[in-house]
Amino acid sequence: MGLAKTEIFSDQQNEIASFAKVFGHPARVAILQHLFKLNTCVCGDLVSEIGLAQPTISQHLKELKLLGLIKGSVEGTSVCYCINTEKWHEMKEILNQFLNQDISKQGDCC
């Protein structure tokens, strides 16, 4: 398997790719939607809500937390998760700049 060679790309390019990757699985999208819908910390009911096994949910939560889009706190024997609104807004700004770069261009190229 080849190396990604991420070091040859800018920090911003790597960050945009990381955001795109986290949205690349519908389970992670469903988890984020569920957290937004409840608008509170969620402890443990994601398995029944999403419909995947606990280890699978845990792996997706790990990916979302690693990127900083969610944050977790330990309450007793469970971990509760919620949207990290600061990082969410930061991500939206970065992705909007990337996705809106065509708006300032005039005319067709071909």
Side-chain angles (χ1 to χ4, degrees):
M1 181 187 247
L3 297 175
K5 295 191 177 186
T6 56
E7 71 276 355
I8 68 171
F9 301 105
S10 72
D11 289 343
Q12 184 184 42
Q13 289 166 333
N14 281 301
E15 190 168 32
I16 291 169
S18 293
F19 290 135
K21 181 182 175 186
V22 84
F23 291 120
H25 197 289
R28 291 190 286 269
V29 174
I31 289 168
L32 289 167
Q33 287 176 323
H34 184 66
L35 292 175
F36 273 116
K37 182 176 80 175
L38 295 180
N39 197 28
T40 187
C41 286
V42 174
C43 302
D45 68 342
L46 288 171
V47 171
S48 61
E49 180 66 30
I50 306 298
L52 297 172
Q54 180 61 54
T56 304
I57 294 289
S58 293
Q59 183 61 39
H60 290 302
L61 289 169
K62 179 181 172 187
E63 293 294 325
L64 291 166
K65 192 171 181 187
L66 185 66
L67 194 54
L69 292 179
I70 65 172
K71 53 187 174 180
S73 61
V74 177
E75 291 187 14
T77 59
S78 64
V79 180
C80 299
Y81 292 96
C82 63
I83 299 292
N84 181 348
T85 54
E86 185 178 317
K87 185 66 173 185
W88 185 263
H89 290 294
E90 178 186 323
M91 177 208 58
K92 282 176 46 177
E93 180 64 31
I94 291 167
L95 289 180
N96 279 331
Q97 288 175 8
F98 175 69
L99 294 172
N100 290 333
Q101 62 188 330
D102 64 322
I103 293 173
S104 64
K105 305 293 182 203
Q106 300 285 339
D108 291 330
C109 69
C110 298

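Values reported hereafter were calculated over all heavy atoms of this structure, with side chains retained and with hydrogens, waters and symmetry mates removed.
Residues Leu52 and Val47 approach most closely at O-CG1, 3.2 Å, considering heavy atoms. Of all the heavy atoms in Phe19 and Leu67, the pair that sits closest is CD2-CD2, 3.5 Å.
For the atom pair CD1 of Ile31 and CG of Leu46, the computed distance is 6.0 Å after rounding to the nearest 0.5 Å. To the nearest 0.5 Å, the span separating CG on Leu95 from CG on Asn100 amounts to 10.0 Å. With rounding to the nearest 0.5 Å, the separation of CG in Asn39 from OG1 in Thr85 is 9.5 Å. Here Ile70 contributes atom CD1 and Ile83 contributes atom CD1; the two are 7.0 Å apart, rounded to the nearest 0.5 Å. Taken to the nearest 0.5 Å, the CG atom of Leu99 stands 8.0 Å off from the CD1 atom of Ile16.
For Lys87, the salt bridge (charged side-chain N to carboxylate O under 4.0 Å, His left out) partners are Glu15, Glu90, not counting sequence neighbours. Residues satisfying the side chain to side chain donor-acceptor pair (under 3.5 Å) test with Gln13, not counting sequence neighbours, are Ser10. Among residues two or more places apart in sequence or in another chain, the side chain to side chain donor-acceptor pair (under 3.5 Å) test is passed with Ser48 by none. In this structure Glu86 satisfies the side chain to side chain donor-acceptor pair (under 3.5 Å) test with no other residue, sequence neighbours excluded. Residues passing the ring-ring contact (aromatic ring centres under 6.0 Å, His included) test with Phe23, sequence neighbours excluded: none. Taking His34 as the reference, nothing meets the ring-ring contact (aromatic ring centres under 6.0 Å, His included) condition, with sequence neighbours excluded. Remark: Gln97 pairs with Glu93 by the side chain to side chain donor-acceptor pair (under 3.5 Å) rule, at least two apart or across chains. By the disulfide (SG to SG under 2.5 Å) test, Cys80 pairs with Cys43, sequence neighbours left out.
Under the ring pair (Phe, Tyr, Trp, His ring centres under 6.0 Å) criterion, the residue pairs touching residues 62-102 are Phe36-Trp88, with sequence neighbours excluded. Note on residues 18-33: no pairs pass salt bridge (Lys or Arg N to Asp or Glu O under 4.0 Å), not counting sequence neighbours. Pairs of residues two or more places apart, or lying in two chains, that qualify as ring pair (Phe, Tyr, Trp, His ring centres under 6.0 Å) and include a residue from residues 42-74 are His25-His60. Listed by first and then second residue, the salt bridge (Lys or Arg N to Asp or Glu O under 4.0 Å) pairs that reach into residues 50-71 come to none, sequence neighbours excluded.
The number of heavy-atom neighbours closer than 6.0 Å to CG of Asn96, taken from other residues, nucleotides and ligands shown, is above 12.
The hydrophobic clustering, which links ILVMFWY residues whose side-chain heavy atoms are closer than 4.5 Å, places Leu66 and Leu35 apart.
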